[in-house]
Structures are given as C-alpha cells and as structure tokens.
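What follows is a short report on a single structure.
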Amino acid sequence: MKRLSAFLAAVLAAACMLTACSEEEAPAAAIISGSVSASGGEDAAPVPGESSDEEEEEAEDIESVNYADAEFLDTMSLDAHQQFYLGFATSLEINMTDPVMAFQSASQLDDRTKYQYFTFLNSYLSFITGTDRYADWQDAENGVWRIPISAIRSQLETYLGTGDFDPVAAFGSQMINTSYADVPLGYDAENDCYVTRISANLDGLRAAQLLAYQQEGDEITAIIGFYDISKFMGEVQEFVLQKTYTLHIRELSFDDKTFTLESAYFTSYDADGPTGRVESPQAAA
C-alpha cells in the first residue's frame, strides 16, 4: 500500500495544526482531538456511489472484517458526511468513556448516561456549527443554566431514539446549595428543569481513522479505528489498532445536523484481530 501523509489535528484548541510525514512512513491514522480529521492509504475502502457490484457486496458485511491490517479510507475520498460522523464518533469515544457509550438499545442506558449524552451532543454541535446551543437556557444573572426537562427529552428522542428520561433518577430529588453558585443546583421539580453550573467539557486526544463507511438511504454504518497513541507518537511511528467503534446511525437531516444514534459497540483488538466486544455500559464495567 502506498503510504501517505499523517496529520496532527488539535481542533478543539480553536486552531488546526497540520504536520505532514514523508511518503516513506507507515500508513497514517489521524490524531483527532474531539473533532474532524483523517488520512489514509491509496487502496481505500469503498466510497458510497463509487464501488463496483462486487465491492458493494463485500461492504454489506463490513462489521465482520478483521481490521488489524486494514487499508484506510483515503482522506481525499471522504465526503462531508463521512468527515462529520468520523468527528462525532471520535469525540463521543473521547468524552463518553465513563460510562462507556455502547448499547444495542437506548433502554440499556441509565438516565444519567442519557443526560451526559445530551450535554456532550450540544457541546459538540455548538463547536461544529459555531452556535451556542445552550444560549436559551442560560441564567446569566446567577451564572447557571436552567435546562428544561422537556428539552432534554425532545433531543433524546431525536438523537438517541428515546424520549424516556427520569430527571429524579438522573439528578436526585434534592437541590443542593454550594459555595460556587448563588442558587441551589439540581433538579428543580417545581419548574421541571435542571439547574447546573457546567454544561459540558470536550477534551482529549486520540489517534483515530475511518476504516469503513456504508450508507443505504438514511441508514449509516461507520467503523472507526483507534490506535495506540503512545506508539503513534513514539520515536518510531507505529500503527497498533487497539479497538474499533461501530456506530449505526439514522440520518434525519444532514443540513440541520440531526440524526439518531441507534446503537454502538466497541471491538477490542490485538495483533491477530478482534479479541472481544462491548455492547453496553454494563458489559464494560
């Protein structure tokens, strides 16, 4: 496989820093800090709309492939959809590790996890679109956000496929006085809103790559590889696949950045291939 450039992306720090490696180096994974970046080999996986009938047949079974030595989707072949969902999946893995955002049905997620997904999602989309999705909920006078439970349920219905959300299970029934806020924090049952000081935090660094992408109508399957960053950043650059993250997404409106994450799971890897699979936060515990 022809070996192409590697790119260092640190986009959440408000700027992109690109560092190119020579063509003689190993095939490149992208270092992604909660955002969108990728690079890869010349012999890329099929791109929707460009593959032959035989390739399309193979693409139907992309989840059973051993990706230990996989060819990468070429950066130049990634369309806007692929770039967006690569960034989303990478940010999700970085910021939703406790508990793990892996599930086959949203019913596997507890209410606290659903709220964490809600805050991650709004912070990620605020960054991507350049708009403050929390603005309508801010109580600037008291330095808090008052997030309506109806807004949480509505967005969970759209982005997770379930509007089932119990604020008491997520936040408890008692509001709490703290030294860092002038008003009590927690679930305000009288006004049916969650009062909080912190909206979300996006941070982290990963060596990640889009390994496979398949779209049929509005149904998307994306498989992202995560590599040992210590070896990637080592004196001798190595590409050691540690796990893949497989997302099943139903796209509602790409222009509006609305979609439903229908399920997601991790597959761990060693040098020979897959070694295990995590399909729920409970399985990861």
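Side chains are part of it too, since the values below use all heavy atoms of this structure and drop only hydrogens, waters and symmetry mates. Here the structure is a predicted model, which is why all the values come from computation and not from measurement.
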**OP:** May I ask you to decide if Phe254's main-chain N or O and Lys257's side chain share a donor-acceptor pair within less than 3.5 Å?
**Re:** yes

Subject >> Check: Ser126 side chain, Arg133 main-chain N or O, donor-acceptor pair, under 3.5 Å >> reply: yes

**OP:** Could you tell me which residues satisfy side chain to side chain contact (heavy atoms under 4.5 Å, CB included) with Ala181, sequence neighbours excluded, listed by chain and number?
**Re:** Thr178, Leu185, Arg197

Original post:
If you look at every heavy atom in Tyr124 and Gly87, which pair is closest and at what distance?
Top reply: OH-C, 3.1 Å

Original post:
Where do Arg153 and Thr162 land on the side-chain contact (heavy atoms from CB on, under 4.5 Å) test, with the steps shown first?
Top reply: CA-CA 8 Å; Arg153 288 190 178 120; Thr162 177; over 6 Å; no

Original post:
Is Asp166 reaching over with its side chain to a backbone N or O of Asp111, donor-acceptor style, under 3.5 angstrom?
Top reply: no

**OP:** Please confirm whether Tyr194 and Tyr187 have ring centers closer than 6.0 angstrom.
**Re:** no

Original post:
Stepwise, does the side-chain contact (heavy atoms from CB on, under 4.5 Å) test hold for Ile223 with Tyr67?
Top reply: CA-CA 10 Å; Ile223 300 177; Tyr67 285 101; 3.6 Å; yes

**OP:** Can you label the angle between the Phe239 ring and the Phe232 ring as parallel, tilted or perpendicular, going by 30° and 60°?
**Re:** perpendicular

Original post:
Can any side-chain N or O of Asn191 pair as donor or acceptor with the backbone N or O of Cys193 at less than 3.5 Å?
Top reply: no

Subject >> Polar contact flag, side-chain donor to acceptor under 3.5 angstrom, Gln214-Glu216 >> reply: yes

Subject >> Phe84 backbone acceptor or donor facing Gln82 side chain under 3.5 Å >> reply: no

Subject >> Polar side-chain atom of Ser154 near backbone of Ser150 as donor-acceptor pair, under 3.5 Å >> reply: no

**OP:** Give the C-alpha distance, both sets of side-chain angles, the deciding distance and a yes or no for side-chain contact (heavy atoms from CB on, under 4.5 Å) between Ile224 and Glu93.
**Re:** CA-CA 10 Å; Ile224 293 82; Glu93 191 277 342; over 6 Å; no

**OP:** Go through the side-chain N and O atoms of His248 and Glu63 and say whether any donor and acceptor fall under 3.5 Å apart.
**Re:** yes

Original post:
So, Asn142 side chain and Val144 main chain: donor-acceptor pair closer than 3.5 Å or not?
Top reply: no

Original post:
In terms of ring plane angle, is the pair Phe88 and Phe259 parallel, tilted or perpendicular, where the classes change at 30° and 60°?
Top reply: perpendicular

Subject >> Side-chain donor or acceptor of Tyr245 paired with backbone N/O of Thr90 under 3.5 Å >> reply: no

**OP:** Give, for atom CG of Leu125 and atom CG of Asp132, the distance between the pair rounded to the nearest 0.5 Å.
**Re:** 12.0 Å

Subject >> Inter-residue atom distance Ile147.CD1 - Phe118.CZ, 0.5 Å rounding >> reply: 5.0 Å

**OP:** Decide if atom CG of Asp69 counts as having more than 12 heavy atoms of other residues, nucleotides or ligands within a radius under 6.0 Å.
**Re:** no

Original post:
To the nearest 0.5 Å, how far apart are CG in Leu92 and CZ in Phe120?
Top reply: 4.5 Å

Original post:
Hey, does the side chain of Thr260 reach the backbone of Thr158 with a donor-acceptor pair shorter than 3.5 angstrom?
Top reply: yes

**OP:** Please tell me if the side chains of Ile62 and Tyr213 come closer than 4.5 Å, counting only heavy atoms from C-beta onward.
**Re:** no

Subject >> Ile220 vs Arg250 side-chain heavy atoms within contact, under 4.5 Å >> reply: no

Original post:
Can you name the closest pair of heavy atoms from Thr97 and Ile94 and give their distance?
Top reply: CG2-O, 3.8 Å

Original post:
Does Thr258 use its side chain to pair, donor to acceptor, with the backbone of Ser253 at less than 3.5 Å?
Top reply: yes

**OP:** Please round to the nearest 0.5 Å and tell me the distance separating atom CG of Asp182 and atom OG of Ser179.
**Re:** 10.5 Å

**OP:** List for me each residue that meets side-chain hydrogen bond (donor to acceptor under 3.5 Å, both in side chains) alongside Glu251, sequence neighbours excluded, and say none if there are none.
**Re:** His81, Tyr85

Subject >> Geometric cation-pi criterion, Arg277 with Tyr265: 6.0 Å, 45° >> reply: yes

**OP:** State whether Tyr269 and Lys243 meet the cation-pi test: NZ (Lys) or CZ (Arg) under 6.0 Å from the six-membered ring centroid, and within 45° of the perpendicular axis.
**Re:** no

Subject >> side-chain hydrogen bond (donor to acceptor under 3.5 Å, both in side chains) evaluation trace for Asn122 with Gln155 >> reply: CA-CA 9 Å; Asn122 280 281; Gln155 290 200 25; 2.9 Å; yes

**OP:** Determine whether more than 12 heavy atoms belonging to other residues, nucleotides or ligands lie under 6.0 Å from atom CD1 of Ile176.
**Re:** no

**OP:** Evaluate the side-chain proximity of Gln83 to Leu210: yes if any heavy-atom separation is below 4.5 Å, no if none is.
**Re:** no

Original post:
Do you know which two heavy atoms are closest between Asn66 and Asp272, and how far apart they sit?
Top reply: ND2-O, 3.1 Å

Original post:
Shortest non-hydrogen contact from Gln104 to Ala264?
Top reply: NE2-O, 3.8 Å

Original post:
Measuring from Trp137:CH2 to Ile152:CD1, what's the distance to the nearest 0.5 Å?
Top reply: 7.5 Å

Original post:
Can you name the closest pair of heavy atoms from Ala102 and Pro281 and give their distance?
Top reply: O-CD, 2.9 Å

Original post:
Between Phe103 and Ser280, does a side-chain contact (heavy atoms from CB on, under 4.5 Å) hold up when you go through it step by step?
Top reply: CA-CA 4 Å; Phe103 62 96; Ser280 70; 5.5 Å; no

Original post:
Side-chain donor-acceptor pair under 3.5 Å between Ser123 and Tyr134, yes or no?
Top reply: yes

**OP:** Identify the two heavy atoms, one from Met96 and one from Tyr117, that lie closest to each other, and give their separation to 0.1 Å.
**Re:** CE-N, 3.7 Å

Subject >> From Gln116 atom CD to Met101 atom CE, the distance as rounded to the nearest 0.5 Å >> reply: 9.5 Å

